[in-house]
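Predicted model only: the values in this text are computed from it and were never measured. Quick note on labels: first sequence line is chain A, next is B, and so on, each numbered from 1. The figures that follow rest on heavy atoms only: side chains count, while hydrogens, waters and symmetry mates do not.
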Amino acid sequence: MKIWQAVLAIPTGKVACYGQVADLSGLPGSARLVGKVLAALPINGQYGQTVPWYRVINAQGRISFAAGSENFARQRDLLQAEQVLAIGARIKLKDFQ
DNA sequence: GTGTTGACATTCC
DNA sequence: CGGAATGCCAACA
């Protein structure tokens, strides 16, 4: 199972932290991989589907991008569109994992 | 085949 | 609560 495949496995309306994605990929403890791979891999459906990279957040329930960056805003919007409520900059992992 | 690169997690102050 | 230090391995040139 590749990283991006694990990301594809995240159901709509839910989120996963990097550690969970790494675990699903069979790589526990390799959370950095996830970020690296997400940055390098298809954001544009090159594997036949769009990779929901925006459903992947860090263990603190926050977006990994710098607040105020365009990617941050885009991810936050996409998550809201999936009914993932964010309190301030925090997402309720407890309710969405 | 080798080396570099990270969108992090976890633990320990 | 937060900051620092460490480990991790796939993707890419």
Given [options], which nucleotide is nearest the side-chain atoms of [X]?
| X | options | value |
| --- | --- | --- |
| K2(A) | dA11(C), dA7(B), dC1(C) | dA11(C) |
| R32(A) | dA10(C), dC8(C), dT10(B) | dC8(C) |
| Y18(A) | dA11(C), dC9(C), dA7(B) | dA7(B) |
| A59(A) | dA10(C), dA9(B), dC1(C) | dA9(B) |

Under 4.0 angstrom, heavy atoms only, what part of the nucleic acid is I3(A) near: base, sugar-phosphate, or nothing?
nothing

Comparing A31(A) with L27(A), nearest DNA chain C nucleotide closer to 5' gives the residue A31(A)

Treating Ile, Leu, Val, Met, Phe, Trp and Tyr as nodes and any side-chain heavy-atom pair under 4.5 angstrom as an edge, say whether L8(A) and L24(A) lie in one connected cluster.
no

Nearest heavy-atom approach of K14(A) to V84(A) is N-CG2, 4.5 Å

To the nearest angstrom, how far is [X] atom [atom1] from [N] atom [atom2]?
| X | N | atom1 | atom2 | answer |
| --- | --- | --- | --- | --- |
| D23(A) | dC9(C) | CG | C1' | 15 Å |
| L38(A) | dA10(C) | CG | P | 15 Å |
| Q97(A) | dA9(B) | CD | C1' | 14 Å |
| L24(A) | dA10(C) | CG | C1' | 16 Å |
| L78(A) | dA7(B) | CG | P | 19 Å |
| N58(A) | dA7(B) | CG | P | 13 Å |
| Q60(A) | dG2(C) | CD | P | 8 Å |
| Q20(A) | dT10(B) | CD | P | 9 Å |

Backbone of C17(A) reached by a side-chain donor or acceptor of Q20(A) within 3.5 Å:
yes

Just by distance, do the side chain of N58(A) and the backbone of G61(A) share a donor-acceptor pair under 3.5 Å?
yes

Would you tell me whether R74(A) and S69(A) have side-chain atoms, one donor and one acceptor, within less than 3.5 Å of each other?
no

At less than 4.0 Å, is any side-chain N or O atom of K36(A) found next to OP1 or OP2 of dC8(C)? Yes or no.
no

